[in-house]
Amino acid sequence: MSLLLAAFALFSLPAGAAPLLRIVAIGDTGKALSTTCATDATTTSATTCAAQYLQLRAHLAALSPAPDLVLATGDLYYGAPATVASYRKGVSRFWGKWAGPAVLPMRGNHDRSDDVRAATQPKVADTLAAAFPLPAGSPWARVSCVDGTDDPAHLCYSGQRNGVCVVVGDSADVDDIRVPVFAADCDWKIAAQHHPPATSFEKKSELERVVGALAVRAPDVVLAGHAHHLEGLVAESASVRVGDSPARMLSVVSGSGSEARLPSAPVILADGTVANIGIDPEGGALTGLRPAYVYADHGYTILDVYPDHLLLRPIVLRDAGPKEEPCWRWDKAGQALTSASCSP
């Protein structure tokens with residue numbers, strides 16, 4: 001690991017005004033990956049191997065400037081029904097002995113369901129919290145998912161810095177989504193959970209329920225995993241409203257743990273690009289579902305928060321190693337996701 005860290009020690013993003021908060025989102029990291037990598041010349045699909053997992057983790061650890069906060073967006077374990085001990089081992093496949101910035105983990109559907117033994121499921125939340133202890137004086141803290149309710153089987157966090165409020169909700173069960181309350185004095189409201197409010201790729205039957213659960217908190221942006229790729233798009237629902245207006249939020253999918261990845265070219269529907277990775281531009285019951293970008297790759301997403309806008313930068317893992325892709329800007333007032341310079 002030390003050699004990999006040294007290899008990426010010089011990696012840094014363009015200099016500029018410091019953001020109010022820098023967040024990294026990376027999820028779906030619990031797979032036991034193959035010891036060998038392979039690319040199919042016919043389909044151009046590829047299998048990500050364990051060595052690339054280490055490569056990606058080292059890249060994240062060497063990111064400069066370092067993130068203030070890392071969000072581990074769920075599905076941190078996949079595999080045979082886990083005991084507490086085997087669950088801990090599965091989480092460590094990617095995270096190992098993490099010594100970087102604070103990590104807020106969250107439960108995904110694979111952190112319960114058939115991947116975790118029934119007797120272990122109530123212990124997953126505490127196990128994850130113990131795996132990622134928060135430093136003394138951290139602005140982030142584990143909180144009750146529902147005010148006034150002590151429920152150790154669910155996992156939620158909340159906190160704020162520089163007017164940027166972050167809450168981590170529990171969506172291991174899409175029919176039982178719990179999102180903590182934001183503080184009253186937030187300039188930005190950022191929610192994180194496993195299930196996204198919008199994705200072009202899969203699981204559309206869940207999306208309206210997710211939007212409905214999040215809409216009561218009216219976040220500006222939701223960072224999620226679940227769909228195994230990197231994507232940015234607007235979630236808007238005519239049937240779910242915040243006051244008199246349709247629910248509308250930025251959905252950033254950073255579900256980075258799919259072992260088999262499809263072609264790595266981005267899909268930019270605004271340019272008329274035709275995708276071969278299952279894009280549905282109609283989006284079922286959601287309106288306005290037009291991805292700005294899609295990368296069918298392992299990777300993670302950097303989110304830099306400024307007073308009037310956000311800058312998103314996908315970091316994708318290719319055969320040659322992690323690669324930073326162009327930035328996308330979300331303006332707070334105009335609520336448009338557009339291609340942009342990576343300088344603030």
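Only a predicted model underlies this, so the values are computations on that prediction, with no experimental measurement involved.
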Are any non-hydrogen side-chain atoms of [X] and [Y] less than 4.5 angstrom apart?
{"X": "W188", "Y": "K332", "value": "yes"}
{"X": "I190", "Y": "V305", "value": "yes"}
{"X": "E231", "Y": "T301", "value": "no"}
{"X": "H194", "Y": "N109", "value": "yes"}
{"X": "L310", "Y": "L250", "value": "yes"}
{"X": "V181", "Y": "R217", "value": "yes"}
{"X": "F94", "Y": "K31", "value": "no"}
{"X": "L56", "Y": "L60", "value": "no"}

Check for me, please, whether [X] and [Y] land in the same ILVMFWY cluster - side-chain distances under 4.5 Å, paths through other members count.
{"X": "V84", "Y": "L128", "result": "no"}
{"X": "L69", "Y": "L134", "result": "yes"}
{"X": "L20", "Y": "V252", "result": "yes"}
{"X": "V146", "Y": "V143", "result": "no"}

| request: Would you check, one step at a time, whether the test side-chain contact (heavy atoms from CB on, under 4.5 Å) holds for Y77 with K89? | output: CA-CA 9 Å; Y77 177 86; K89 184 176 180 180; over 6 Å; no
Whether [X] side chain and [Y] backbone form a donor-acceptor pair below 3.5 Å:
{"X": "R57", "Y": "Q52", "answer": "no"}
{"X": "Q121", "Y": "S113", "answer": "yes"}
{"X": "T120", "Y": "A82", "answer": "yes"}
{"X": "D173", "Y": "D175", "answer": "yes"}
{"X": "S138", "Y": "W140", "answer": "yes"}
{"X": "D185", "Y": "G163", "answer": "no"}
{"X": "Q193", "Y": "V179", "answer": "no"}
{"X": "D151", "Y": "A153", "answer": "yes"}

| query | With S171, which residues qualify under side chain to side chain donor-acceptor pair (under 3.5 Å), at least two apart? | reply | H195
Ignoring hydrogens, what is the shortest heavy-atom contact between [X] and [Y]? Give both atom names and the distance.
{"X": "A198", "Y": "V253", "result": "O-CG2, 3.7 Å"}
{"X": "V211", "Y": "P197", "result": "CG2-O, 3.3 Å"}
{"X": "P65", "Y": "R22", "result": "O-NH1, 2.8 Å"}
{"X": "P152", "Y": "D126", "result": "O-OD1, 3.8 Å"}
{"X": "S251", "Y": "P196", "result": "OG-CB, 3.9 Å"}
{"X": "N162", "Y": "D187", "result": "O-OD2, 4.4 Å"}

| task | Evaluate the criterion salt bridge (Lys or Arg N to Asp or Glu O under 4.0 Å) for residue pair D304 and R329; output intermediate values, then yes/no. | result | CA-CA 10 Å; D304 285 331; R329 176 176 173 132; over 6 Å; no
| said: Take a 6.0 Å sphere around CG of D114 and say whether it holds more than 12 heavy atoms from other residues, nucleotides or ligands. | reply: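 Not more than 12 within 6.0 Å, no.
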Hydrogens and angles aside, do [X] and [Y] bring a side-chain donor and acceptor to less than 3.5 Å of each other?
{"X": "Y300", "Y": "H59", "result": "yes"}
{"X": "H110", "Y": "D115", "result": "yes"}
{"X": "H228", "Y": "D75", "result": "no"}
{"X": "D28", "Y": "H226", "result": "no"}

Distance in Å, [X] [atom1] paired with [Y] [atom2], rounded so as to fall on 0.5 Å steps:
{"X": "L312", "Y": "Y293", "atom1": "CG", "atom2": "OH", "value": "4.5 Å"}
{"X": "I23", "Y": "L104", "atom1": "CD1", "atom2": "CG", "value": "9.0 Å"}
{"X": "I302", "Y": "C327", "atom1": "CD1", "atom2": "SG", "value": "8.0 Å"}
{"X": "R248", "Y": "Q335", "atom1": "CZ", "atom2": "CD", "value": "5.5 Å"}
{"X": "S158", "Y": "R142", "atom1": "OG", "atom2": "CZ", "value": "13.5 Å"}
{"X": "D331", "Y": "D308", "atom1": "CG", "atom2": "CG", "value": "6.5 Å"}

| task | Would you please test Y87 and T83 for side-chain contact (heavy atoms from CB on, under 4.5 Å) and show each step? | result | CA-CA 6 Å; Y87 182 85; T83 62; over 6 Å; no
| field | side-chain contact (heavy atoms from CB on, under 4.5 Å) between R93 and L33, worked out | value | CA-CA 9 Å; R93 289 168 186 159; L33 298 185; over 6 Å; no
| request: Take D220 and M249 through the side-chain contact (heavy atoms from CB on, under 4.5 Å) test and state the conclusion after the steps. | output: CA-CA 5 Å; D220 299 299; M249 62 196 81; over 6 Å; no
| message | Please confirm whether the ring centroid of W98 lies under 6.0 Å from the ring centroid of F132. | response | no
| Could you walk me through whether R107 and D170 pass the salt bridge (Lys or Arg N to Asp or Glu O under 4.0 Å) check? | CA-CA 6 Å; R107 299 194 310 152; D170 191 295; 2.9 Å; yes
